[in-house]
Amino acid sequence: DAQVAAQMSARMLTGAEATFVLGSLGFHDGLAPILEEAKSDDFSRRMNAAIAAVGLELAPADKVQVQTLLLEVYGAGSRR
């Protein structure tokens, strides 16, 4: 959509790509920045972070954080 693209800033685009790449790489070190991105006021950024978090190699203790993130983000999306 050209109108949506025109409203996007460079930060929005590169931030989304960076979050996606962190999830794709799957390294545990990506969890902290992904969780930080998930705190955004922007629903699309939170959704992108939730999707990226699923691709990470997680310690058992971290799985609870990701499960909580998924429930919060997807629950918010269903109320939209």
Any pair with a residue in residues 17-38 that passes salt bridge (Lys or Arg N to Asp or Glu O under 4.0 Å), sequence neighbours left out, goes on the list, sorted by first then second residue, please.
-> Arg11-Glu37, Glu36-Lys39, Glu37-Arg45
May I ask whether Phe43 and Leu69 are part of the same hydrophobic cluster, defined by side-chain heavy atoms of I, L, V, M, F, W, Y residues being less than 4.5 angstrom apart, directly or through others?
-> yes
Arg46 side chain to Ser40 backbone, donor-acceptor under 3.5 Å | yes
Can you hop from Val54 to Val73 via hydrophobic side chains spaced under 4.5 Å?
-> yes
Got a sec, which pairs hit side chain to side chain donor-acceptor pair (under 3.5 Å) with one end in residues 54-64, sequence neighbours left out?
-> His28-Asp62
Residue pair Gly30 / Pro33: nearest heavy atoms and the distance that separates them = O-CD, 3.3 Å
Counting only pairs under 3.5 Å, give me each side-chain donor-acceptor contact of residues 18-27, with atom names and distances, residues two or more places apart or in other chains.
residue, atom, partner, partner atom, Å
Thr19, OG1, Gly15, O, 2.9
Ser24, OG, Phe20, O, 3.0

Indicate the atoms forming the closest heavy-atom contact of Ile34 with Ala49, along with that distance.
-> CG2-O, 3.2 Å
For Ala53 and Leu58, which heavy atoms make the closest approach, and how far apart are they?
-> O-CD1, 4.4 Å
